[in-house]
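Following: one structure in structure tokens, then a few remarks.
FYI, the numbering just counts along the sequence from 1.
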Amino acid sequence: MKHRFARLLGAVATGACLSSAALSSHALEYSVTDLGTLGGMWQHSYATGINNSGQVVGYGYDLGQLYAGNSVYGNYQAFVTGVNGTGLAAIPTLASGNWSKATGISDNGWVVGTSATAPGNEDENPAVGSPRAFVYRADGSIAPQALATPGTHSFGNGINNSGQVTGSYATAAGTQRAFVTQAGGAAVVELGTLGGANSIGTGINQSGKVAGVSTVAGGREDSFNFGTTRGFMTNTQDGAPYGVMAPVTIAGSDPTSPYHTSKAAGINDNGQTVGTTEADYYTDASAFVAGPDGIGRRLNIHDMGEFEMGGAWQLTSRGLSINNSGQVGGSYFWTVNMMDHAFITGANGYGLVDVNTLSFNNLAAGVRDWLFVNVTGINDLGQFVANGDNGRAYLISPVPEPATVLLMLCGLGVVAWRRILNEHA
């Protein structure tokens, strides 16, 4: 009996260790780290992703839309930080290129992004400068390496710990095709489309499943902003090691409507995808989360409270990031105040909270004259990156940090277990 009890206590302690990274939907308090800027012409910073060590990637830019991270002149410089957002460092561009963006980072420190390979600014035409998807070692030990993608140019969007990369490349016909690489950024495999002409891979999980967006047969193909698109995820089946595209289906949406669109922005290791869906372009967009079966639901923006819609014609949201607990980060827009606001959720997309209403231990209430406008990355410890309408990127960490709580729980469990064993020895 005593050994059974000891084993039970041990199991409880182990379970506490395994589950503590998602102890609660939201911490009671958070700390904010301003990631700073690269200096010089790079007056502003924009974060795009984060790993489980708190390393952040993104890019610096000069002048532009501060709330959107867009440069007026198409000038960008990729960056990566050290652990917990410390030490912002520029990533060299490829060849003689003069702009670059970092868009993702794996837990073992590999960065993915896009860099120009020739002079030219990324202005209205993203092909300027012959951009190529690249990978880079965050510690600087390996210089940026261009991926051997086909087509005239390519873009890198996601990377996993095996070094598999996803993104898109441009065909000779001017269309975009989603791709995934083998481990280590090796041979590129095209993923096809959902029947339309275009597709883009936006995220990849540790098992190599890809999320993204594709145009569909019979839909509009004028652009990804106005075309008929569906979010997709890949399923490794039927002897296809890199996956077969399957559309994400959102409950309550008409999958046959040419006006219904969806875009998947990321995928976690459990196969959950996050993204945005809308039935009527621009006016009813909503963040969604979908399970590994590809069936999704819209997130309930009214978790944050009631919105007085007098005079307002739009209350929309976008899902931008997801961690392995299903916590979602994104933004919402309300035409009463005409501004994006960042949000995060609890596990599995429930319980939306406006990031601007959180309690911060190092940011006094009332002293801030800017807003957090979106959450573009969230890790398994509950840390997330948010961008402000002041043109700065921030790392936001729960207090106490989940890693600290994890160690405390594990330590207490082990101490109690040993005490029981000693008492009954």
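Annotation: side chain of Q314 is in contact with side chain of F333 (closest heavy-atom distance under 4.5 Å). Looking at V56 and L35, their side chains come closer than 4.5 Å, going by heavy atoms from C-beta outward. No side-chain heavy atom of V210 sits under 4.5 Å from any side-chain heavy atom of F179. Contact check for R318 versus S331: side-chain heavy atoms found under the 4.5 Å cut-off. F134 is not listed as a side-chain neighbour of L147, based on a closest heavy-atom distance of 4.5 Å or more. For the pair L299/V289, a side-chain contact is recorded, criterion being any heavy-atom separation below 4.5 Å from C-beta on. F372 has its side chain out of reach of N387: every pair of non-hydrogen atoms, C-beta onward, lies at least 4.5 Å apart. Put simply, the side chain of I200 does not reach to within 4.5 Å of the side chain of T166, judged on heavy atoms.
Separation of the F307 and Y332 ring centroids falls under the 6.0 Å cut-off. Close placement of the Y394 and W370 rings is indicated, their centers lying within 6.0 Å of each other.
Not counting sequence neighbours, the partners of S257 by the side-chain contact (heavy atoms from CB on, under 4.5 Å) test are D254, Y259, H260. Not counting sequence neighbours, the partners of N356 by the side-chain hydrogen bond (donor to acceptor under 3.5 Å, both in side chains) test are D354, R368. With sequence neighbours excluded, the residues that form a side-chain contact (heavy atoms from CB on, under 4.5 Å) with V112 are T103, I159, V165. Residues satisfying the side-chain hydrogen bond (donor to acceptor under 3.5 Å, both in side chains) test with R298, not counting sequence neighbours, are none. S106 is linked by a side-chain hydrogen bond (donor to acceptor under 3.5 Å, both in side chains) to N108, counting only residues two or more places apart in sequence or in another chain. The ring pair (Phe, Tyr, Trp, His ring centres under 6.0 Å) test applied to Y136 returns no partner, not counting sequence neighbours. Every residue meeting the ring pair (Phe, Tyr, Trp, His ring centres under 6.0 Å) condition with Y61, not counting sequence neighbours, appears here in chain and number order: H44. Under the side-chain contact (heavy atoms from CB on, under 4.5 Å) criterion, M41 pairs with D62, N75, not counting sequence neighbours. Checked against side-chain hydrogen bond (donor to acceptor under 3.5 Å, both in side chains), S115 has no partners two or more places apart in sequence or in another chain. D107 meets the side-chain contact (heavy atoms from CB on, under 4.5 Å) test with N51, N52, N161, Q206; sequence neighbours excluded.
The two atoms that bring M304 and F343 nearest to each other are SD-CB, 4.4 Å, heavy atoms only. The minimum heavy-atom distance linking P144 with L94 is given by the pair O-CD2, 3.7 Å. Residues R132 and T152 share a closest heavy-atom pair of NH2-O, 3.8 Å. Across all non-hydrogen atoms, the minimal contact from V180 to I204 is CG2-CD1, 3.7 Å. Taking all atoms of both residues into account, the shortest heavy-atom contact from Q55 to G109 is OE1-CA, 4.2 Å. The minimum heavy-atom distance between S100 and T93, with the atom names listed, is OG-CG2, 3.7 Å.
Using a distance-only test at 3.5 Å, with no hydrogens or angles considered, a donor-acceptor pair links the side chain of D389 to the main chain of L371. No donor-acceptor pair under 3.5 Å is formed between the side chain of T114 and the backbone N or O of K101. In this structure, the side chain of T229 does not engage the main chain of T215 through any donor-acceptor pair within 3.5 Å. A distance-only check finds no donor-acceptor pair linking the side chain of S154 to the backbone of G167 [under 3.5 Å]. Looking only at distances, no side-chain donor or acceptor of N374 sits under 3.5 Å from a matching main-chain atom of T376. A distance-only check finds a donor-acceptor pair linking the side chain of T276 to the backbone of G319 [under 3.5 Å].
Between Q164 and S162, the side chains place no donor N or O within less than 3.5 Å of an acceptor N or O (distance only, hydrogens not considered). Side chains of N268 and N324: a donor-acceptor N/O pair is absent below 3.5 angstrom, by distance only. Donor-acceptor pairing under 3.5 Å is lacking for the side chains of D269 and N205.
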Quiz item: Passes side-chain hydrogen bond (donor to acceptor under 3.5 Å, both in side chains), S141 versus D139? Steps please.
Solution: CA-CA 6 Å; S141 60; D139 60 10; 2.6 Å; yes

Yes or no on side chain to side chain contact (heavy atoms under 4.5 Å, CB included) for R392 and T37, after CA distance, side-chain angles and deciding distance? CA-CA 8 Å; R392 299 291 281 254; T37 72; 3.8 Å; yes

Practice item. Tell me, with the steps shown, if Y46 and Y67 meet ring-ring contact (aromatic ring centres under 6.0 Å, His included). Key: CA-CA 9 Å; Y46 193 87; Y67 59 89; over 10 Å; no

| task | Go through the steps for T193 and S199 under the test side-chain hydrogen bond (donor to acceptor under 3.5 Å, both in side chains), then give the verdict. | result | CA-CA 6 Å; T193 74; S199 61; 6.0 Å; no

#### Entry: Worked check of side chain to side chain contact (heavy atoms under 4.5 Å, CB included) between F360 and V399
CA-CA 9 Å; F360 301 105; V399 179; over 6 Å; no

* Take V32 and L395 through the test side chain to side chain contact (heavy atoms under 4.5 Å, CB included) and record every step on the way to the result. => CA-CA 6 Å; V32 178; L395 171 65; over 6 Å; no

Could you please spell out the steps behind the side chain to side chain contact (heavy atoms under 4.5 Å, CB included) verdict for L191 and M245?
CA-CA 7 Å; L191 293 174; M245 270 191 196; 3.9 Å; yes

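Considering T33, N323, N84, I396 as possible partners of Q383, the one that fulfils the side-chain contact (heavy atoms from CB on, under 4.5 Å) test is N84.
Rounding to the nearest 0.5 Å places OG of S321 at 6.0 Å from CD1 of I378. Expressed to the nearest 0.5 Å, how far CG of N390 lies from CG of D369 amounts to 7.5 Å. The distance from atom CG of L352 to atom OG of S317, rounded to the nearest 0.5 Å, is 7.0 Å. If you take OG on S214 and NZ on K263, they are separated by 12.0 Å, rounding to the nearest 0.5 Å. For the atom pair CZ (F79) and CH2 (W42), the distance works out to 12.0 Å, reported to the nearest 0.5 Å. Rounded to the nearest 0.5 Å, atoms CD (Q272) and NZ (K209) are 12.0 Å apart.
For residues 186-200, the salt bridge (Lys or Arg N to Asp or Glu O under 4.0 Å) pairs, not counting sequence neighbours, are R177-E190. Judged as a salt bridge (Lys or Arg N to Asp or Glu O under 4.0 Å), not a single pair has a partner in residues 154-174 (not counting sequence neighbours).
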